[in-house]
There are 2 protein chains.
Amino acid sequence: MIYIAGMDDHTDQTRKPRADAVRNRERVLEAAKAVFNAGGPEASLEAVAKRAGVGIGTLYRHFPTREDLFEAVYRREVEQLSELAEQLKNAKDPVDALRRWLRSGVEFVATKKGMVAALALAVQSGSELYAFSFERLTKAIGSLLDRAAAAGAMRADISPEDLLRAFFGMCYMHDQPGWQSSVLRMLDVFVDGLRVQPAGKTKARAAKPAKPAVKRKR
Amino acid sequence: MIYIAGMDDHTDQTRKPRADAVRNRERVLEAAKAVFNAGGPEASLEAVAKRAGVGIGTLYRHFPTREDLFEAVYRREVEQLSELAEQLKNAKDPVDALRRWLRSGVEFVATKKGMVAALALAVQSGSELYAFSFERLTKAIGSLLDRAAAAGAMRADISPEDLLRAFFGMCYMHDQPGWQSSVLRMLDVFVDGLRVQPAGKTKARAAKPAKPAVKRKR
DNA sequence: TTGTTAAGCGGAGGGAGCCTCCGTATCTTC
DNA sequence: GAAGATACGGAGGCTCCCTCCGCTTAACAA
């Protein structure tokens with residue numbers, strides 16, 4: 001029997017899961033996290049098994065497909081990001097709350113190198129992880145977006161799906177030097193574009209950029 | 001000797017390239033274009049060779065690495081996109097010219113499914129193709145951006161590199177249904193964010209959206 | 001404790017794709 | 001037509017994928 005987190009109510013006729021199975025599952029997860037973050041989502045599964053100190057068969061029994069492994073590794077990470085949106089609901093300025101969430105997302109991506117690549121792969125393979133993540137993050141963005149739109153501070157014709165897609169896309173290019181500040185700049189532009197300009201105001205931009213404006217080279 | 005397009009001035013001591021070599025090179029390119037566009041950039045090179053009707057060795061002799069093959073296939077495509085920017089330089093409204101270029105880019109991506117994926121891969125591997133494309137497209141965007149900034153219609157602290165990254169990022173998520181209209185919407189928001197709002201004007205958005213605004217679901 | 005048995009373990013092995021190498025075939029040149 | 005340069009094809013060695021199955025071990029019962 002495969003142990004599934006959150007399903008430990010084995011009160012029925014099922015046996016208690018074997019201790020070694022639980023242990024090995026945890027080891028594989030730990031190893032996969034490390035290996036994916038280092039070598040990207042195409043890293044060798046045999047390397048994961050070796051790092052975990054288990055046979056390749058054990059790995060496949062717990063996670064029959066590559067996507068299953070991704071899913072287990074990254075599901076919690078997505079939830080963290082989602083919870084942040086919940087907290088930001090209480091911020092005063094709804095536009096700023098959205099901006100802050102997006103920035104946190106960038107930071108998050110920066111520390112979990114493998115995640116965006118894994119998600120990008122999940123998009124293409126149409127896996128269950130993708131559906132979960134997309135649904136979860138869409139809801140997170142949606143709540144922030146709704147609040148801002150309800151307050152009349154932001155245009156209402158942009159869906160959370162649109163925004164999420166744009167956000168992930170920008171982060172996807174995160175292998176180049178300086179990607180992080182570039183994405184932050186772009187997000188500022190984006191949020192500015194989303195703003196409904198207060199009537200009569202003359203200033204072009206309502207928010208400070210993430211960094212002092214960089215002198216253009218070209 | 002390997003025949004390289006645009007280098008047929010074999011007036012020196014070099015021999016005329018063999019006819020079969022030229023023919024095979026062309027066949028491989030044609031096959032690769034088809035196979036990559038259909039199956040993505042991870043498609044089997046042996047499949048390409050088979051489709052081209054040549055041995056795998058022949059393929060590797062002409063294109064020692066996967067990236068070399070991408071490069072040959074997609075270099076011209078990038079140039080097309082770059083030339084479009086040249087033409088748009090003559091448009092009256094510089095902001096609109098930028099917007100039009102970005103939209104054309106979306107259409108372009110829509111018809112060449114394999115290209116974005118190939119470029120994304122090229123980014124990660126830091127290949128020569130990427131350097132070429134990035135440089136070329138950066139220049140294209142840069143010229144449009146400069147014109148708009150010089151006319152005072154657009155903020156000047158965004159680099160062409162930033163914009164290109166954002167654009168490609170958005171397009172990268174192009175496997176989902178409805179991606180195209182989503183990206184068009186996002187680009188409109190983005191360009192709005194780039195605009196310097198004329199003093200005293202009260203309208204929030206200066207351009208019509210690509211499609212009638214969609215009623216939000218959430 | 002000890003025996004029974006289901007659950008889990010490891011890794012051999014077949015398959016697919018990558019890339020190299022070299023004997024053979026073909027083209028160019030004289 | 002002969003010689004020599006050039007290119008061809010695919011066998012073969014490698015890595016990784018994933019499956020399958022005989023052996024081991026932990027849980028439970030007595």
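Worth saying up front: this structure is predicted, and the values here are computed from it rather than measured. Quick note on labels: first sequence line is chain A, next is B, and so on, each numbered from 1.
Distance A:Asp68 CG to D:dC17 P: 15 Å, rounded to the nearest Å. When rounded to the nearest whole Å, the span between CZ of B:Phe63 and P of D:dC8 equals 11 Å. The CZ-C1' distance, from B:Arg25 to D:dT6, rounds to 16 Å in whole Å. Counting to the nearest Å, the C1' atom of C:dC9 and the NE2 atom of A:His62 are 9 Å from each other. Look at CZ on B:Arg27: it is 9 Å from P on D:dG9, rounded to the nearest Å. Atom CD of B:Glu42 is separated from atom P of D:dC17 by 13 Å (rounded to the nearest Å).
Of the two residues contacting DNA chain C, namely A:Thr58 and B:Ala43, the nearest-nucleotide position lying further toward the 5' end is that of A:Thr58.
Under the salt bridge (Lys or Arg N to Asp or Glu O under 4.0 Å) criterion, B:Glu30 pairs with no residue at all, not counting sequence neighbours. Residues forming a side chain to side chain donor-acceptor pair (under 3.5 Å) with A:Gln80 (at least two apart in sequence, or on another chain): none. B:Thr65 meets the side chain to side chain donor-acceptor pair (under 3.5 Å) test with B:Asp68; sequence neighbours excluded. Qualifying side-chain contact (heavy atoms from CB on, under 4.5 Å) partners for B:Lys89, counting only residues two or more places apart in sequence or in other chains: B:Glu86, B:Ser143. With sequence neighbours left out, A:Ala148 forms a side-chain contact (heavy atoms from CB on, under 4.5 Å) with A:Pro94, A:Val95, A:Met154. Shown here are the salt bridge (Lys or Arg N to Asp or Glu O under 4.0 Å) partners of B:Asp20, two or more places apart in sequence or in another chain: B:Arg18.
Salt bridge annotation for A:Asp192-B:Arg155: present, with a cationic side-chain nitrogen under 4.0 angstrom from a carboxylate oxygen.
Contact annotation: A:Ser44 does not reach the phosphate of D:dT15 (side-chain N/O to OP1 or OP2, under 4.0 Å).
Side-chain contact annotation: B:Asn24 with B:Thr58, donor-acceptor N/O pair under 3.5 Å absent.
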When the side chains of residues 43-56 of chain B are checked against the rest of the protein, which donor-acceptor pairs come out under 3.5 Å, sequence neighbours left out?
residue, atom, partner, partner atom, Å
B:Ser44, OG, B:Glu46, N, 3.1
B:Ser44, OG, B:Ala47, N, 3.0

Where protein sits on nucleotides 19-30 of chain C, one letter per nucleotide: B base, S sugar-phosphate only, - none, heavy atoms under 4.0 Å: BB-----BSBS-

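Secondary-structure annotation of DNA chain D gives the stems C:1-30 with D:1-30, with a stem taken as at least 3 successive Watson-Crick or G-U pairs whose two distances both fall under 3.5 Å.
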